[in-house]
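Below is one structure, written out as structure tokens; the observations come after it.
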Amino acid sequence: MLVKNYIKATMVTSVTLLFVAAALNIEFGTTNPFYVVSSESMKPMLQIGDIVVVQKNIPFDKIKIGDVIAFSNPSEKNEIIVHRVAQVMTENPFQIRTKGDANHDSIPGTDMPIAKNNYVGKVAYVIPHLGYVQHALSPPVNYIIAVSMMGIILVNFSARQKQSSRTNLQLKE
């Protein structure tokens, strides 16, 4: 009976996660639209530890001056930057210049030129300070929590099995 309940709970959780991923993909154009702010370049709008929700299904050529976007740094592709569009540099091909709100000016090679291949998406929402939770749950803390939870589940399962065995023995007597 307990095993059936665990399987059922696992299946319900899996289906729920699939629905959430599908809903995120429909609404934001990706299953992971969340990015944690790690610098002060957009103060006071964004603080370190805020989470920005990026809408990837807005076409690059629809971006306007004043929009806040996420883009990969043209100089270092693995770095995602969130800055405000400051200027449309060229229309064909569409290229823009961005600038962090707290920066005095755009940074050549980082903020300009931003082309379609650098564009990640437009910031749709900001969730203040929630990024600290993600930071707190990064390795190795997340592994410790996962192993602890598995241990608690196994101990609980074992205790219930022993209790069930005792109950069955008492019923047979």
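Just so it is clear, the values below take in all heavy atoms, side chains as well, and ignore hydrogens, waters and symmetry mates.
Residues Val123 and Ile96 fall into different hydrophobic clusters, defined by Ile, Leu, Val, Met, Phe, Trp and Tyr side chains chained together at heavy-atom separations under 4.5 Å. Under the 4.5 Å side-chain heavy-atom criterion for ILVMFWY residues, no single connected hydrophobic cluster contains both Ile145 and Leu154. Both Val88 and Ile81 belong to a common hydrophobic cluster when Ile, Leu, Val, Met, Phe, Trp and Tyr are linked at side-chain heavy-atom distances under 4.5 angstrom. Residues Val36 and Leu46 do not share a hydrophobic cluster, defined by chaining ILVMFWY side chains whose heavy atoms lie under 4.5 Å apart. Under the 4.5 Å side-chain heavy-atom criterion for ILVMFWY residues, a single connected hydrophobic cluster contains both Val37 and Val68.
Within the 4.5 Å cutoff, side-chain heavy atoms of His83 are placed close to those of Ser41. Residues Met42 and Asp50 have side chains not in contact (no heavy-atom distance under 4.5 Å, counting atoms from C-beta outward). Taking the side chain as every heavy atom from C-beta outward, Asp101 and Lys43 never approach each other to under 4.5 Å. Side-chain atoms of Ser106 and Thr98, non-hydrogen and from C-beta on, never get closer than 4.5 Å to each other. Contact check for Ile63 versus Tyr119: side-chain heavy atoms found under the 4.5 Å cut-off. Side-chain atoms of Phe71 and Asp111, non-hydrogen and from C-beta on, do get closer than 4.5 Å to each other. Looking at heavy atoms from C-beta onward, Tyr125 lies out of side-chain contact with Val52 at the 4.5 angstrom threshold. Between Val85 and Ile69 there is a side-chain heavy-atom pair separated by less than 4.5 Å.
Side-chain N or O atoms of Arg84 include one that pairs as donor or acceptor with a backbone N or O of Gly66 at under 3.5 Å. A donor-acceptor pair is defined here as one N or O able to donate and one able to accept, closer than 3.5 Å; such a pair exists between the side chain of Gln55 and the backbone of Glu27.
Rounding to the nearest 0.5 Å places CG of Leu24 at 13.5 Å from CZ of Phe19. Separating the CZ atom in Phe60 from the CD atom in Gln95 is a distance of 7.5 Å, to the nearest 0.5 Å. Taking CZ of Phe34 as the reference point, atom CD1 of Ile127 lies at 6.0 Å (rounded to 0.5 Å). Here the straight-line distance linking atom CZ of Arg97 with atom CD of Gln87 works out to 4.5 Å at 0.5 Å rounding. To the nearest 0.5 angstrom, Ile114 atom CD1 is 7.5 Å from Asn73 atom CG.
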**Message:** As a quick check of understanding, evaluate side chain to side chain contact (heavy atoms under 4.5 Å, CB included) for Val120 and Tyr35, giving each step before the final call.
**Reply:** CA-CA 11 Å; Val120 173; Tyr35 295 88; 3.5 Å; yes
**Request:** Start with the C-alpha gap between Val126 and Gln47, add the side-chain angles, then the distance that decides, and say whether side chain to side chain contact (heavy atoms under 4.5 Å, CB included) holds.
**Result:** CA-CA 10 Å; Val126 177; Gln47 307 294 322; over 6 Å; no
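When all heavy atoms are compared, the tightest approach of Pro74 to Asn118 is CA-ND2, 3.7 Å. Shown here for Ile80 and Ala70, the closest heavy-atom pair between the two residues is CG2-CB, 4.1 Å. Taking each heavy atom of Asn57 and Pro59 in turn, the nearest pair found is O-CD, 3.6 Å. Closest approach of Lys62 to Asp67, counting heavy atoms only: O-OD2, 4.4 Å. Listed here is the closest heavy atom pair of Gly109 and Ser75: O-OG, 2.6 Å.
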